[in-house]
Amino acid sequence: MFENQYNEEMEAEVKRLEGKQRARAAGHPEWDNACAGCGCRLDIGVERCGECAW
């Protein structure tokens, strides 16, 4: 039980850090997340915007 919770928390933290890294790479270090395709601002936990997901 604790192992599953730990794994979920670590996965969420990795996604958060990846999003922050994409935002910095897009030139917006103040954002929490950016699209991996076009660099637009996104909510945390999302990798690509609707247009780039296709």
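Numbering of residues begins at 1 and proceeds along the displayed sequence.
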Requested in this report: Go through the structure and list residues passing salt bridge (charged side-chain N to carboxylate O under 4.0 Å, His left out) with R48, not counting sequence neighbours.
Outcome: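 Applying salt bridge (charged side-chain N to carboxylate O under 4.0 Å, His left out) to R48 gives none.
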Report task. Please identify each residue that fulfils salt bridge (charged side-chain N to carboxylate O under 4.0 Å, His left out) with E11, with sequence neighbours left out. Result ->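 Per chain and number, E11 pairs via salt bridge (charged side-chain N to carboxylate O under 4.0 Å, His left out) with no residue.
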Query - Interatomic distance, R41 atom CZ to C49 atom SG [nearest 0.5 angstrom] - result: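 Rounded to the nearest 0.5 Å, the CZ-SG separation comes out at 14.5 Å.
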Requested in this report: Can you measure from CG (D43) to CG (D32) and round to the nearest 0.5 angstrom?
Outcome: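 With rounding to 0.5 Å, CG (D43) is 9.5 Å from CG (D32).
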Report task. Look at atom CD of E13 and say whether more than 12 heavy atoms of other residues, nucleotides or ligands are closer to it than 6.0 Å. Result ->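 Yes, because the 6.0 Å sphere around CD of E13 holds more than 12 heavy atoms from other groups.
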Query raised in the report: Can you name the side-chain hydrogen bond (donor to acceptor under 3.5 Å, both in side chains) partners of E3, sequence neighbours left out?
Result: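 So E3 forms no side-chain hydrogen bond (donor to acceptor under 3.5 Å, both in side chains) with any residue.
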Query raised in the report: Mind checking who shares a hydrophobic cluster with Y6, ILVMFWY linked at side-chain heavy-atom distances under 4.5 Å?
Result: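 Besides Y6, the hydrophobic cluster comprises M10, listed by chain and residue number.
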Side chains of residues 17-27: which donor-acceptor pairs under 3.5 Å do they make with residues two or more places apart or in other chains?
residue : atom : partner : partner atom : Å
K20     : NZ   : P29     : O            : 2.9
K20     : NZ   : W31     : O            : 3.0
R22     : NE   : A34     : O            : 2.9
R22     : NH2  : N33     : OD1          : 2.9
R22     : NH2  : V46     : O            : 3.3

**Report entry** Residues that K15 engages under side chain to side chain contact (heavy atoms under 4.5 Å, CB included), provided they are two or more places apart
**Finding:**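 K15 satisfies side chain to side chain contact (heavy atoms under 4.5 Å, CB included) with no other residue.
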Query raised in the report: Which residues satisfy the side chain to side chain contact (heavy atoms under 4.5 Å, CB included) test with Q5, sequence neighbours excluded?
Result: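 Per chain and number, Q5 pairs via side chain to side chain contact (heavy atoms under 4.5 Å, CB included) with F2, E9.
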